[in-house]
Amino acid sequence: MRPVILSSCTITPCNLSATATRTFVIFRLRNGKAIAARPSCPARKAPTAIAAWRKTSICFPACARASLPMARKPCAPRLTWLRRILHLRDPVIYRIRHEAHHQAGEAWCIYPMYDFTHCLSDSIEGISHSICTLEFEVHRPLYDWVLDQLPVSQPRPHQHEFSRLNPTYMVMSKRKLRQLVEENHVHGWDDPRMPTLAGYRRRGFTASSIRNFCQGVGVTKFKGVTDVGLLENSIREELNKTAERRCAVLDPLEVVIDNYPEGESEELEAINNPEDEAAGKRALPFGRRLFIERADFMEDPPKKFFRLGPGREVRLRYAYFITCQSVEKDAAGNIQRIHCTYDPETRGGSAPDGRKVKGTLHWVSADHAVDAEVRLYDRLFTEAEPEAEGDFIDCLNPNSLKIITGKLEPSLADLPVGQRVQFERLGYFTPDPKDSAEGQLVFNRIVALRDSWAKQARK
RNA sequence: UGCCCGAUAGUGUAACGGUAGCACGACAGAUUCUGAUUCUGUUUGUCGGGGUUCAAAUCCCUGUCGGGCAACCA
């Protein structure tokens, strides 16, 4: 083995006296052999007294097992409290474990500790800036110290720490994410609600939107909480420009156009993306029976409601003006369907007489619509900072996933995985890459559109 | 307790010692065949107290608050 590797380690209690427990042992790996050396001075002097270390030979790695029979459990370092820098006080560099390794098997019983490994592997790999999260800040002196003692290539790596990303309504620590997976609060590491790259990808976030978000968040040492709104904004900003528009009704209410001829249909022209003329147009089938969103009709609408209600006229996007004539209910009083009339003069969406309507609704033709499973994802937690108090599991959002069957315009039937579209007035959606199959449509909601009406209605 | 780190608008982030800006949000208005988008405007900030300086978010001292470390984890 060519490189000379030098490390230090605490002594097993069996080998040394009480005072000696405060000394380092060096394993020097040379030509396949390790030489163990022990400084004759207390830890606080060790860094300057390296030259004086007494050497004893230990074969390494082949004989390590045999040579360190009593090292089953290296003693915990006895802290001298003499050094101001904590991590330079008798740091453990190797630990001895007589256990089979999941990969190396029985070959080794010596395992390097993080502080020894991190700086060296950085150096060997030619890392210049070794970036890590804040909790390793106090380890930096040891990181530097080890490299200072060794003939490593120059310039040597430097460790830089920064605060970890901490979005609202989310937990980020691996331990907690694992708990979410193992306790089945989510469906695996790539569940679209997970803040993993696999999850974000499956959800439909683009790489560039995540990069933009990270750029906005920046790299600092300040431990803040970043509003997920920034991420949502980032993906909306991108998809607004790139995603083609489609019509889909997720909570259907049947509309019958009473004065539209029975059994007939026609095709209307819809713009694919108003932000991108090159995206072109497509045909949208229209007929006597349609679906609109339940939320777009109110029998007794409040003042600022612009949508459909008894006697009101609204526009069906790309289609006609319609006026609600009557409401059909079941025995329990639930609205079953509504009856409207349309104005044939308003084909394409504008009236020759110049009259205006307040609302424009999206719709699909009932006879042409295709069904699809649609997964509506929301924030995983109900609290902005789930870890703030108590068990974060307690504030899981029970509505973080709603699965519904939507009515989609027929052009969505063969949307390939990887495509992202805007369902008009609803949000951005993409076929789920795992569960979508031929004839089995599954859509994930990436993010909803901004909805200032919903905000106002909540007041 | 000791040591280390941090603090700029509601949130996040900029500013050779030299005009405190940007994004998101919020609010108001305009445009609109998406209550979307777009556009315009408004709002709110350097943790406190000293000091150095012609000049401090920035340098020094001090306090406060928040976080980390004190493992045979990484």
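Chain letters run A, B, ... following the sequence lines, proteins first and then strands; every chain starts at 1. Both backbone and side-chain heavy atoms feed into the values below; hydrogens, waters and symmetry mates do not.
- A close approach under 4.0 Å does occur between a side-chain nitrogen or oxygen of A:Lys455 and OP1 or OP2 of B:A26.
- Residue A:Ser452 has a polar side-chain atom (N or O) positioned under 4.0 Å from OP1 or OP2 of B:A36.
- Within 4.0 Å of A:Leu134, counting heavy atoms only, lies no atom of the nucleic acid at all.
- Residue A:Thr220 is classed as a sugar-phosphate contact, given heavy-atom separations below 4.0 Å to backbone atoms only.
- When heavy atoms are screened at a 4.0 angstrom cut-off, A:Glu137 is found touching the sugar-phosphate backbone but no base atom.
- Taking the C1' atoms as reference points, B:A74 lies 43 Å from B:G50, given to the whole Å.
- Spacing between atom CG of A:Asn166 and atom P of B:G68 amounts to 12 Å, rounded to whole angstrom units.
- Going from the C1' atom of B:G17 to that of B:U11 covers 29 Å, rounded to whole Å.
- A:Thr360 has no side-chain polar atom (N or O) that falls below the 4.0 Å cut-off from OP1 or OP2 of B:U34.
- Stacking between A:Trp453 and the base of B:G35 is present: ring centres sit under 5.5 Å apart and the planes differ by under 30 degrees.
- The separation between A:Asn233 atom CG and B:A23 atom P is 11 Å, rounded to whole Å.
- In this structure, the nucleotide among B:U11, B:G68, B:A36 sitting nearest to the side chain of A:Val138 is B:G68.
- Base contact: A:Lys304 has a heavy atom under 4.0 Å from a base atom.
- Base pairing annotation: B:G18 forms a Watson-Crick or G-U wobble pair with B:C54, both donor-acceptor distances under 3.5 Å.
- The same atom, C1', is picked in B:U31 and in B:A20; the two are 33 Å apart, to the nearest Å.
- For the pair A:Asn240 and A:Leu316, both in contact range of RNA chain B, the more 5′-proximal nearest nucleotide belongs to A:Leu316.
- Using a 4.5 Å cut-off on side-chain heavy atoms (C-beta onward), A:Tyr428 and A:Ile235 make no contact.
- B:G12 sits 15 Å from B:U44 when the C1' atoms are compared, rounded to a whole Å.
- Residue contacts shown for A:Phe222 are limited to sugar-phosphate atoms, with no base heavy atom under 4.0 Å away.
- Base pairing analysis places B:C3 opposite B:G68; the two distances defining the Watson-Crick or G-U wobble pair are each below 3.5 Å.
- Listed pair A:Arg245 / B:U34 fails the phosphate criterion, with no side-chain N or O lying under 4.0 Å from OP1 or OP2.
- Look at CG on A:Leu230: it is 5 Å from C1' on B:C24, rounded to the nearest Å.
- A distance of about 7 Å separates the C1' atoms of B:U52 and B:C60, rounded to the whole Å.
- Between the C1' atoms of B:G49 and B:U64, the separation comes to 10 Å (whole Å).
- Between B:A30 and B:G45, the distance separating the two C1' atoms is 29 Å to the nearest Å.
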Assess the residue pair A:Tyr143 and A:Phe136 against the criterion (ring pair (Phe, Tyr, Trp, His ring centres under 6.0 Å)); give the C-alpha distance rounded to whole Å, side-chain angles, the decisive distance to 0.1 Å, and a yes or no. CA-CA 10 Å; A:Tyr143 181 102; A:Phe136 296 101; over 10 Å; no
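- Counting atom types as modelled, A:His362 pairs no side-chain N or O with a base atom of B:A36 as donor and acceptor under 3.5 Å.
- Rounded to an integer number of Å, the gap from A:Arg236 CZ to B:U38 P is 11 Å.
- For A:Tyr318 and A:Glu424, the side-chain atoms include at least one donor-acceptor pair closer than 3.5 Å.
- Distance A:Glu409 CD to B:U34 P: 16 Å, rounded to the nearest Å.
- Residue contacts shown for A:Phe305 include a base, since a base heavy atom lies under 4.0 Å away.
- Between A:Phe286 and A:Tyr260, the ring centre distance stays below 6.0 Å.
- When the P atom of B:C5 is taken as reference, atom CZ of A:Phe162 falls 19 Å away, rounded to whole Å.
- Separation of the A:Phe429 and A:Phe423 ring centroids falls under the 6.0 Å cut-off.
- Rounded to an integer number of Å, the gap from A:Lys223 NZ to B:A7 P is 13 Å.
- Note on A:Val225: only backbone sugar-phosphate atoms sit closer than 4.0 angstrom, heavy atoms only; bases stay farther off.
- Formation of a donor-acceptor pair under 3.5 Å by the A:Thr346 side chain with backbone atoms of A:Phe321 is found in this model.
- With a cut-off of 3.5 Å on both pairing distances, the Watson-Crick or G-U wobble partner of B:A23 is B:U11.
- For B:U44, there is no paired nucleotide, since no Watson-Crick or G-U wobble pair has both relevant distances below 3.5 Å.
- With a 6.0 Å radius and a threshold of 12 heavy atoms from other residues, nucleotides or ligands, A:Glu183 has its CD atom above the threshold.
- Ranked by how close their nearest RNA chain B nucleotide is to the 5' end, A:Val219 and A:Lys356 are led by A:Val219.
- Judged by the 6.0 Å distance and 45° axis criteria, A:Lys221 is not positioned over the aromatic ring of A:Phe162.
- Comparing B:U34, B:G35, B:G12 by their nearest atom to the side chain of A:Phe306 picks out B:G35.
- Comparing the C1' positions of B:G18 and B:A56 gives an interatomic distance of 10 Å, to the nearest angstrom.
- Within 3.5 Å, no donor on the side chain of A:Arg425 pairs with an acceptor on the base of B:G35, nor the reverse.
- When the C1' atom of B:U34 is taken as reference, atom CG of A:Leu361 falls 10 Å away, rounded to whole Å.
- Remark: ring of A:Phe136 does not overlap the six-membered base ring of B:A74 in a stacked fashion, as centroids less than 5.5 Å apart with planes less than 30° apart are not both met.
- Closest to the side chain of A:Gln422, out of B:U34, B:G25, B:A26, is B:U34.
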